[in-house]
Undergrad: 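Attaching a single structure in structure tokens format; questions to follow.
These numbers come from a predicted model, not from an experiment.
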Amino acid sequence: MLLAVGDIIKMKKAHPCGSDLWKITFVGSDIKMRCEGCGRVVMLERPVFEKRVRRLERAASDPGNAEDAE
């Protein structure tokens, strides 16, 4: 799976805060992401991440992404 910093992904299970959307903040052999609901930061090994991710919700390069307009 190709990922970039700023991508929003949807996980299979929701975080305890109720949100299942996460923003990618670091991409390497590990993936660092921040919960869009509560702001908790989690780092997962890439194989674990790829098993838990459901889909790419919004790519960082999407024209509809408000943060790129800043």
Undergrad: Just to verify, what does Ser19 make a side chain to side chain contact (heavy atoms under 4.5 Å, CB included) with, not counting sequence neighbours?
TA: Cys17, Leu21, Cys35, Glu36

Undergrad: To the nearest 0.5 angstrom, please state how far the CZ atom of Phe49 sits from the CE atom of Met43.
TA: 12.0 Å

Undergrad: Please answer whether the main-chain N or O of Lys32 pairs with a side-chain N or O of Thr25 as donor and acceptor at a distance below 3.5 Å.
TA: yes

Undergrad: Evaluate whether atom CZ of Arg46 has more than 12 neighbouring non-hydrogen atoms of other residues, nucleotides or ligands under 6.0 angstrom away.
TA: yes

Undergrad: Determine whether Arg34 and Trp22 make a side-chain contact, defined as any pair of heavy atoms from C-beta on separated by less than 4.5 Å.
TA: no

Undergrad: Determine whether Val48 and Glu45 make a side-chain contact, defined as any pair of heavy atoms from C-beta on separated by less than 4.5 Å.
TA: yes

Undergrad: Are the side chains of Lys12 and Val53 in touch, meaning some heavy atoms are under 4.5 Å apart?
TA: no

Undergrad: Using the rule that two of Ile, Leu, Val, Met, Phe, Trp, Tyr join whenever any of their side-chain heavy atoms come within less than 4.5 Å, decide whether Phe26 and Leu3 are in one cluster.
TA: no

Undergrad: Within a strict 4.5 Å, meaning less than it, do heavy atoms of the His15 and Cys38 side chains meet?
TA: yes

Undergrad: Testing Met33, Arg54, Lys23 one by one against Ile9 for a side chain to side chain contact (heavy atoms under 4.5 Å, CB included), which residue passes?
TA: Met33

Undergrad: How long is the straight-line distance from CG of Asp30 back to CG of Leu44, given to the nearest 0.5 Å?
TA: 8.5 Å

Undergrad: Please determine which of Leu2, Ile24, Val27 meets the side chain to side chain contact (heavy atoms under 4.5 Å, CB included) test together with Asp7.
TA: Ile24

Undergrad: Among all residues two or more places apart in sequence or in another chain, which pass the side chain to side chain contact (heavy atoms under 4.5 Å, CB included) test with Asp20?
TA: Lys10, Ala14

